[in-house]
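Worksheet: the structure to be examined is printed underneath.
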Amino acid sequence: MLDLGFVRANLGLVEKNLRDRKLNPTELLGHFRITDERRREAITRMENSKERRNRLSEQVGALKKSGENSDALTLEIRDLKGEIADLEQSANSYDNELRLLLSRLPNILRDEVPAGASEADNKVVKEWGERRRFDFEPKPHWEIGEALGILDLERAAKLSGARFAVYMGAGARLERALISFMLDMHTHKHGYTEVLPPFMVNSKSLFGTGNLPKFAEDLFRCSDADAEAASRGEYKDNDHWLIPTAEVPVTNLFRDEILEEARLPISFTAYTPCFRAEAGAAGKDTRGIIRQHQFQKVELVKFTRPEDSDVQHERLTRDAEEILEALGLPYRRVLLSTADTGFSSAKTYDLEVWLPGQNLYREISSCSNFDAFQARRANIRYRPSGPKAKPEFVHTLNGSGLAVGRTWLAILENYQQADGSVQLPEILRPYMGGTDKIAREP
RNA sequence: GGAGAGGUGGCCGAGCGGUUGAUGGCUCCGGUCUUGAAAACCGGCAUACCCGAAAGGGUAUCGGGGGUUCGAAUCCCUCCCUCUCCGCCA
C-alpha cells in the first residue's frame with residue numbers, strides 16, 4: 001500500500017505509474033481527489049462534534065462533583081449524540097472508500113524498470129549455461145515422465161481434476177530430493193533460516209502481502225472465508241485460505257511487530273505447497289505440469305532496512321540462480337517491464353530455465369523488491385538506532401528459490417537420454433540414495 | 001469440544017465508571033559526574049488521522065466489534081487469542 005500523504009502529494013507520479021503499468025488511471029484513481037476531500041471534511045465535522053460532547057461531558061462531571069444540577073447539559077449531549085452518529089457514519093464510509101481505493105493502487109516502479117506494453121518488453125539481463133545439443137529429438141517432460149512411470153496425470157485428474165499431478169516412485173523422491181537440496185543450500189551456504197509455516201492463512205495476512213483485495217479470484221478459500229467481504233475491504237483474522245505461496249505466511253510473521261535494527265537483514269527460506277486457482281488461465285499451459293493448482297516451492301524472504309533492499313535484492317536473486325547453476329540448468333535472468341511487474345513489486349527479476357523438450361525458456365523463479373509496500377500493509381517496522389529512534393517500515397523482498405515442480409520437469413527435459421532414462425545432476429545423487437539416473441523399472 | 005484464568009504503551013506491570021494516553025519499573029535517547037566506561041542523578045520518549053504556514057490544537061486507540069452511560073481501560077454482550085485442567089485425536 002502506498003502512503004496516503006504520498007499519494008495526495010504525488011498524484012501525478014501515481015497516475016504516471018498506473019499508465020506505465022498499462023492500468024487505467026481513471027478507473028483506479030478516478031475520485032481520489034474528491035473522496036479525499038470529502039473524507040477530510042466529514043472527519044473534521046465529526047471530530048468537532050465529538051470535541052463539544054467531550055467538553056460538555058466534562059462539565060457534567062464537574063457539576064455532579066459539586067452537587068449541582070446537570071440535567072440541561074445532559075439533554076444537550078443527548079441531542080448531540082444523534083448528530084455524532086450520523087457524522088460518524090458518513091466519515092467512516094468515506095474513510096473506507098478511500099482506504100479501499102488506496103489498497104488497490106499498485107506499488108511505484110523503480111526508474112530502472114524498462115517501459116513496456118507486455119512481457120515481450122522484458123529485458124534479458126543475463127544468460128547462463130550452455131544448452132545441451134541432443135543427438136535425438138528431445139521430448140517434453142510429460143512424455144518422459146509418463147514413459148518412466150514417475151508422473152501420472154490421468155489418475156491425478158481422477159483424484160482432483162485438471163491441473164494436478166501424482167508423482168510416483170523415483171518421481172516422488174526427486175521432488176523430495178529437490179526440496180531438501182534447495183533448503184540445505186539456502187540454509188548452509190546462503191545464511192537463511194528455515195521456516196515451516198502454516199499452509200492456510202487468514203485474510204489479514206493476504207491483505208498484508210497484497211493478495212487481497214485485488215486477487216481473491218486467484219486463491220482457494222475454505223468455507224469460513226468470505227471473498228465478498230474481502231472485496232469490501234474487510235479482513236478477518238479467523239478465516240482460512242490456502243496459501244498461494246510461502247511468501248504470505250512468512251512475510252506476515254512480523255505483521256504488527258517492531259524489529260530491532262541489529263536483527264536486520266532477516267533471511268528466511270520455506271518449503272510449502274502452493275495453491276492457485278489459476279482463474280483466467282483457462283486453456284493456457286494445459287500440457288504437463290507447468291501450471292498446476294498445487295505445486296511445491298522453496299521460497300526466499302528477506303526483511304531489510306530501506307537502504308539495504310537493493311543490494312539484498314541482487315543477493316537474493318543470486319541465491320536462487322546458484323541453485324540452477326548447481327543443477328547445471330541453463331537459464332537467463334529477465335528484468336520485468338513496467339507492464340509485467342506484479343502489483344506489490346517495485347522491481348522484479350524473473351529467472352527462466354531452458355526447456356529443450358519444448359524449445360523455450362520458462363519462468364522458474366520470480367525475485368521481487370517490494371520496498372515498504374507490503375510492510376505498510378502488514379505494519380512491519382523496525383526501530384533505527386540513533387537519536388531519531390522512531391519506528392520505520394522495513395523493506396520486504398522475496399523470490400522463489402526455486403519452484404520445485406518446474407525444476408523437476410527442467411531436469412527431466414535437460415537430462416533426458418536417448419533410451420528414455422534421465423541422468424541425475426551430480427549434486428542431487430546423495431539425495432537420491434546414490435543413484436545416478438532414473439530409468440524405467442523392469 | 002468442555003471448564004476456569006487472562007489479554008493494558010518497545011518490554012514488565014498498576015489501574016477496575018469521572019480532566020487517565022493511562023501510576024511505577026525496565027529498555028532506549030539527551031545531559032551532569034568521570035581520563036573513559038559503569039553506577040548514581042536530572043530530563044526526554046506511543047501511534048494514526050483531522051485542522052493549522054507554523055506554533056499549536058483536536059479526535060481515536062488499554063485484543064477486535066457492538067452496547068449501557070452525560071462520561072468506560074474500568075460495567076454488559078459477542079468474537080478472537082494465550083495459559084491451566086478435562087475430553088478427543090494424527
Side-chain angles (χ1 to χ4, degrees), chain A residues 1-9 32 35-103 196 198-205 207-208 222 224-226 229-230 232-241 252-264 372 375-394:
Chain A
M1 188 154 63
L2 301 175
D3 176 69
L4 174 57
F6 174 86
V7 175
R8 197 179 282 149
F32 178 86
T35 309
D36 182 42
E37 268 166 33
R38 286 192 180 146
R39 168 180 170 272
R40 285 148 87 178
E41 222 173 72
I43 287 177
T44 303
R45 292 207 309 186
M46 170 192 70
E47 291 189 346
N48 286 342
S49 294
K50 283 187 172 177
E51 183 187 358
R52 216 164 105 229
R53 179 202 60 194
N54 289 347
R55 295 231 181 289
L56 293 176
S57 176
E58 234 171 75
Q59 287 174 33
V60 171
L63 288 176
K64 292 225 165 174
K65 207 173 228 173
S66 61
E68 293 172 67
N69 183 297
S70 58
D71 291 354
L73 283 181
T74 304
L75 282 175
E76 193 178 339
I77 292 172
R78 253 185 216 148
D79 288 344
L80 252 180
K81 273 179 103 170
E83 186 189 314
I84 289 174
D86 288 347
L87 291 172
E88 200 158 37
Q89 199 177 19
S90 128
N92 282 345
S93 102
Y94 283 122
D95 192 55
N96 288 341
E97 199 179 325
L98 193 72
R99 258 167 228 295
L100 202 55
L101 221 150
L102 203 59
S103 73
L196 184 76
F199 302 160
M200 290 190 244
V201 292
N202 57 34
S203 39
K204 270 196 182 145
S205 297
F207 175 80
C222 301
D224 57 3
D226 184 346
R232 289 194 304 270
E234 294 165 22
Y235 312 106
K236 303 202 278 183
D237 54 14
N238 60 342
D239 56 352
H240 300 87
W241 306 64
N252 277 280
L253 277 173
F254 297 131
R255 173 147 54 83
D256 293 321
E257 292 193 33
I258 298 176
L259 303 165
E260 288 308 317
E261 184 181 28
R263 277 186 76 182
L264 302 177
R376 210 173 279 120
R377 293 172 87 95
N379 191 29
I380 307 167
R381 295 171 294 168
Y382 79 105
R383 192 180 301 281
S385 54
K388 48 179 188 168
K390 250 193 153 202
E392 270 182 50
F393 292 116
V394 300

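Below, chain A is the first sequence line, B the second, and so on; all start at residue 1. Everything numeric here is computed off the predicted structure, so don't read it as measured data.
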*asked:* Taking B:rG6 as the reference, what is the distance to B:rC62 when you measure between their C1' atoms (whole Å, please)?
replied: 14 Å
*Using Watson-Crick or G-U wobble geometry with both distances below 3.5 Å, tell me the partner of B:rA73, or none.*
none
*Round to the nearest Å and state the distance from A:Lys81 atom NZ to B:rU68 atom P.*
6 Å
*How long is the line joining CZ of A:Arg263 and P of B:rC28, in whole Å?*
17 Å
*Does B:rG9 have a Watson-Crick or wobble partner in any strand here, with both distances under 3.5 angstrom, and which is it?*
none
*Which one is paired to B:rC83, where only Watson-Crick or G-U wobble pairs with both distances under 3.5 angstrom count?*
B:rG4
_Rounding to an integer number of angstrom, what distance separates B:rG44 and B:rG25 when you compare their P atoms?_
13 Å
*Taking the C1' atom of each, how far is B:rC28 from B:rC11, in whole Å?*
11 Å
*Base-pairing assignment for B:rA46 (Watson-Crick or G-U wobble, both under 3.5 Å)*: B:rU61
*Ignoring hydrogens and angles, state whether a donor on the side chain of A:Asn202 or A:Ser205 is under 3.5 Å from an acceptor on the partner side chain.*
yes
*Would you find a donor on one side and an acceptor on the other, under 3.5 Å apart, between the side chain of A:Thr74 and the backbone of A:Ser70?*
yes
_Whole-angstrom distance between B:rG21 and B:rA46, as gauged at atom C1'_ = 8 Å
*Could you tell me whether A:Arg55 and A:Glu51 make a salt bridge, using a distance below 4.0 angstrom between a side-chain N and a carboxylate O?*
yes
*What heavy-atom pair brings A:Trp241 and A:Asp226 nearest, and what distance separates the two atoms?*
CZ2-O, 4.4 Å
*asked:* If I pick the C1' atom on B:rC41 and the same atom on B:rA54, what distance separates them, to the nearest angstrom?
replied: 36 Å
*asked:* Going by purine N1 to pyrimidine N3 plus the second Watson-Crick contact, or the G-U wobble pair, all under 3.5 Å, which nucleotide sits opposite B:rA55?
replied: none
_Separation of B:rG71 C1' from A:Lys64 NZ (nearest whole Å)_ = 9 Å
*Can we say A:Arg39 and A:Glu97 salt-bridge, meaning some charged N sits less than 4.0 Å from an Asp/Glu carboxylate O?*
no
_One character per nucleotide, please: for nucleotides 46-65 of chain B, 5' to 3', B when the base has a protein heavy atom closer than 4.0 Å, S when only the sugar-phosphate does, - otherwise._
-S-BBS------BBS-----
*For B:rG17 and B:rC29, measure between their C1' atoms and round to the nearest Å.*
37 Å
*If pairing requires Watson-Crick or G-U wobble contacts with both distances under 3.5 Å, which nucleotide is the partner of B:rC41?*
B:rG31
*Whole-Å distance separating the CD atom of A:Glu392 from the P atom of B:rC28*: 20 Å
*Base partner of B:rA90, which must satisfy Watson-Crick or wobble distances under 3.5 Å*: none
*asked:* Rounded to whole Å, please give me the gap between CD1 in A:Ile258 and C1' in B:rG9.
replied: 10 Å
*A:Gly208 versus A:Ala378, closest heavy-atom pair with distance*: CA-CB, 3.9 Å
